[in-house]
Amino acid sequence: MPPVQEMSDARQAIHAAREADAGRLAAESLRQAERFMQIATQDLERGAYDQARSAALAAKAEAVKARDHALSHER
């Protein structure tokens, strides 16, 4: 089955990171999250659901890291 929930979670995490200004405060982690998301999307399009799921989970993890880093530097 397609990793619909994982893809959605990753997109939401990336959005949250952007909202926390991770593009400025944690740029490399945010870029990595976006790269993983791109890979997940490509994998999903070619029907490689296991790979897409793994990449989406990695994207979410990097986005959470970026968000947390950005928020810790805002204070």
Side-chain angles (χ1 to χ4, degrees):
M1 287 183 56
V4 175
Q5 187 63 53
E6 291 88 346
M7 296 292 285
S8 176
D9 290 348
R11 280 191 293 273
Q12 289 175 16
I14 290 170
H15 178 74
R18 288 182 184 138
E19 290 289 311
D21 203 16
R24 182 174 62 88
L25 299 169
E28 184 53 38
S29 290
L30 181 58
R31 278 193 296 273
Q32 186 63 33
E34 291 168 339
R35 283 192 288 268
F36 280 130
M37 194 68 214
Q38 184 178 16
I39 291 166
T41 300
Q42 291 169 348
D43 288 341
L44 184 65
E45 289 171 355
R46 64 184 180 87
Y49 297 149
D50 288 340
Q51 292 92 330
R53 181 172 287 106
S54 293
L57 291 171
K60 179 183 174 186
E62 278 297 316
V64 168
K65 182 172 123 179
R67 179 185 169 271
D68 290 349
H69 184 79
L71 290 175
S72 72
H73 279 78
E74 273 188 353
R75 296 179 186 159

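Nearest heavy-atom pair across A17 and R67 is CA-CB, 3.9 Å. Among all heavy-atom pairs drawn from A26 and A66, the shortest one is CB-O, 3.5 Å.
Contacts of A10 classified as side-chain contact (heavy atoms from CB on, under 4.5 Å), with partners at least two apart in sequence or in another chain: M37, A56, A59, K60. Under the side-chain contact (heavy atoms from CB on, under 4.5 Å) criterion, A58 pairs with F36, sequence neighbours left out. Partners of Q12 according to the side-chain hydrogen bond (donor to acceptor under 3.5 Å, both in side chains) rule, which considers only residues two or more places apart in sequence or in another chain, are S8. Remark: R35 engages E28, Q32 in a side-chain hydrogen bond (donor to acceptor under 3.5 Å, both in side chains) (not counting sequence neighbours). Not counting sequence neighbours, R11 has no partner by the side-chain hydrogen bond (donor to acceptor under 3.5 Å, both in side chains) test.
Counting heavy atoms from C-beta on, the side chains of R24 and H73 never come closer than 4.5 Å.
Checking D21, L25, I14 one by one against L30, the side chain to side chain contact (heavy atoms under 4.5 Å, CB included) holds for a single residue, I14.
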Distance-only criterion, 3.5 Å: show the donor-acceptor pairs between side-chain atoms of residues 44-54 and protein atoms not counting sequence neighbours.
{"from": "R46", "atom 1": "NE", "to": "D43", "atom 2": "OD1", "distance (Å)": "3.3"}
{"from": "R46", "atom 1": "NH2", "to": "D43", "atom 2": "OD1", "distance (Å)": "3.0"}
{"from": "R53", "atom 1": "NE", "to": "E6", "atom 2": "OE2", "distance (Å)": "3.1"}
{"from": "R53", "atom 1": "NH2", "to": "M1", "atom 2": "O", "distance (Å)": "3.2"}
{"from": "S54", "atom 1": "OG", "to": "D50", "atom 2": "O", "distance (Å)": "3.2"}

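For R31 and E34, the salt-bridge test fails: no basic side-chain N is under 4.0 Å from an acidic carboxylate O.
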